[in-house]
Amino acid sequence: MTTLFDRYHLGALTLPNRVAMAPMTRVRAAAGGLATPSMATYYAQRATAGLIVTEGIQPSLIGQSNPGTPGLHTDGQVAAWQPVTDAVHTNGGRIFAQIMHAGRVSHPDTTGMQPVGPSALPAVGQVFTPGGPKPAPVPRQLDTAEVPEQARSYAEAARRAVDAGFDGVELHGANGYLIAQFLSSTANLRTDAYGGSIANRIRFAVEAVSMTVETVGGHRTGLRLSPGAGLWGAEDTDVPAMYGTLLAELAPLNLAYIHLEASTGEDVLVELRKAWPGTLIVNPSSPANPQQTDKAAADHWLGLGADLISFGRAFIANPVLVERLRQGLPIAPHDQSTWYEGGDAGYLTYPAYQHAA
């Protein structure tokens, strides 16, 4: 019977366990989207995870969503990430960079540019800006000829990630950001080759992944998806058909993994597990269902065929989460007020478990 603590071979990597650290935005980057020494410490503290997936990293300035997030589109950003990957590797860990293009979930106050998207439709809700939350602006609809350039930005960021020492990259295709916007039937009202039918709506995702594979290899490329999540107003229709078709198109690329959020019915996810021939990571939680993942949930999904289980919130206050899970120790609570406020408090400062005397 598979357990969380079994080894797993992921491409050329040997993972000591099946616990993945899920990507979580923490907005601690320095000006210019540079990684910091505190970020190196943060990820190194969590290096006992079988695999770390970083916070979302923008592949271009226009792809940035929130203030204070890091990038991978300049030489300076590559240099700033190198101490982070070095620290993780020195501590025995493995780390993938999540490449996140925000698309329409952005604001000119953050980037100095009008956001872009598949259609000129604003995201639903408020976006973060340097001046606080503001209504999402209307994005500029990408011309057909411009779309491949945005797909290629993932591959260019992946090349920079490898140069920075990352073991691979995860393309963020979930939670209402650019790839998910193209997949969506409400955010994507295009009538060209990138809109309308399922085959057309998955085209951008397939192109972004294919370009990344051509650049850094399938064994270094993962993709995160949130079927049916509907975040930021990017709703899906025909979830089983669309995501099944997408996985079938991606299967020949021999990706490192697909990373699914439990954002739709369990029966749908089980069918997607059957449809995907490669490694599957499941995150039992999702933004719409923010219950913190525990060992029982992890064991449940391993039993349903997942290869790895990703934990998000549980890693915030538990840098050595793997050992807490292994020893059956309680999961320390985190302070939500410190998620995005900056500084090291609630970022590097959680105490170790104290055994009873």
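Each residue takes its place number in the sequence, starting with 1. Just so we're clear, the structure is a prediction, and the values are computed from it rather than from any experiment.
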**Q** Do side-chain atoms of N283 reach the backbone of E261 as a donor and acceptor pair under 3.5 angstrom?
**A**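 No; zero donor-acceptor contacts below 3.5 Å.
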
**Q** I'd like to know if the side chain of Q58 pairs up with that of S65 as donor and acceptor (distance under 3.5 Å, no hydrogens or angles considered).
**A**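 Side chains of Q58 and S65: no pair found under 3.5 Å.
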
**Q** Any side-chain donor-acceptor pair under 3.5 Å between H334 and N318?
**A**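 The answer is no; no qualifying pair exists.
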
**Q** For T186 and S184, does a side-chain donor sit closer than 3.5 Å to a side-chain acceptor?
**A**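 On atom types as modelled, these side chains qualify, holding a pair under 3.5 Å.
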
**Q** Kindly say whether G32 contributes a backbone atom to a donor-acceptor pair with the side chain of Q77 at under 3.5 angstrom?
**A**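 Here the side-chain-to-backbone pair exists.
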
**Q** Tell me yes or no: between the side chains of D335 and T338, is some donor less than 3.5 Å from an acceptor?
**A**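 T338 and D335 do not have a side-chain donor-acceptor pair below 3.5 Å.
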
**Q** Applying side-chain hydrogen bond (donor to acceptor under 3.5 Å, both in side chains), which residue pairs with at least one partner in residues 230-240 are found, sequence neighbours left out?
**A**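 Every pair satisfying side-chain hydrogen bond (donor to acceptor under 3.5 Å, both in side chains) with a residue in residues 230-240: S185-T237, D236-Y243.
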
**Q** My understanding is that only residues two or more places apart in sequence, or in another chain, count here; which of them pass ring-ring contact (aromatic ring centres under 6.0 Å, His included) with F315?
**A**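 In terms of ring-ring contact (aromatic ring centres under 6.0 Å, His included), with neighbours along the sequence ignored, F315 is linked to no residue.
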
**Q** Are a donor atom and an acceptor atom from the side chains of T14 and H9 found within less than 3.5 Å of each other?
**A**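 Checked: T14/H9 side chains pair up, N/O donor to acceptor below 3.5 Å.
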
**Q** Looking only at atom types and distance, does a side-chain atom of T111 sit under 3.5 Å from a main-chain N or O of M113, one as donor and one as acceptor?
**A**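 Such a contact is found between T111 side chain and M113 backbone.
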
**Q** I'd like a table of donor-acceptor pairs (distance under 3.5 Å, sequence neighbours excluded) in which one partner is a side-chain atom from residues 267-274, with atom names and distances.
**A**
residue : atom : partner : partner atom : Å
E271    : OE2  : K274    : NZ           : 3.2
R273    : NH1  : G305    : O            : 3.0
R273    : NH1  : D307    : OD2          : 2.9
R273    : NH2  : W276    : O            : 2.7
R273    : NH2  : G278    : O            : 2.7

**Q** May I ask you to establish whether R26 and Y347 are in a cation-pi arrangement, using a distance under 6.0 Å from NZ or CZ to the six-membered ring centre and at most 45° from the ring axis?
**A**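 No, R26 does not lie over the aromatic ring of Y347.
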
**Q** Taking only residues two or more places apart in sequence, or in another chain, which ones meet Y350 in a ring-ring contact (aromatic ring centres under 6.0 Å, His included)?
**A**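 None.
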
**Q** Answer yes if M100 and F166 sit in the same cluster of Ile, Leu, Val, Met, Phe, Trp and Tyr residues linked by side chain heavy atoms under 4.5 Å apart, and no otherwise.
**A**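 Each belongs to a different hydrophobic cluster.
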
**Q** Looking only at side-chain N and O atoms, does E207 offer a donor or acceptor that is under 3.5 Å from a partner on Y154?
**A**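 Side-chain D/A pair, Y154 to E207: absent.
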
**Q** State whether a side-chain donor-acceptor pair under 3.5 Å links E170 with H259.
**A**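 H259 and E170 do have a side-chain donor-acceptor pair below 3.5 Å.
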
**Q** List the residues meeting ring-ring contact (aromatic ring centres under 6.0 Å, His included) with H219, not counting sequence neighbours, and say none if there are none.
**A**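 By the ring-ring contact (aromatic ring centres under 6.0 Å, His included) rule, H219 matches no residue at all.
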
**Q** Could you tell me if D163 and Q82 have a donor-acceptor pair between their side chains, going purely by distance under 3.5 Å?
**A**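 The answer is no; no qualifying pair exists.
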
**Q** In the hydrophobic clustering that connects Ile, Leu, Val, Met, Phe, Trp and Tyr at side-chain heavy-atom distances below 4.5 Å, which members other than V124 occupy its cluster, ordered by chain and number?
**A**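 When side chains under 4.5 Å apart are linked, V124 ends up in no cluster with other residues.
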
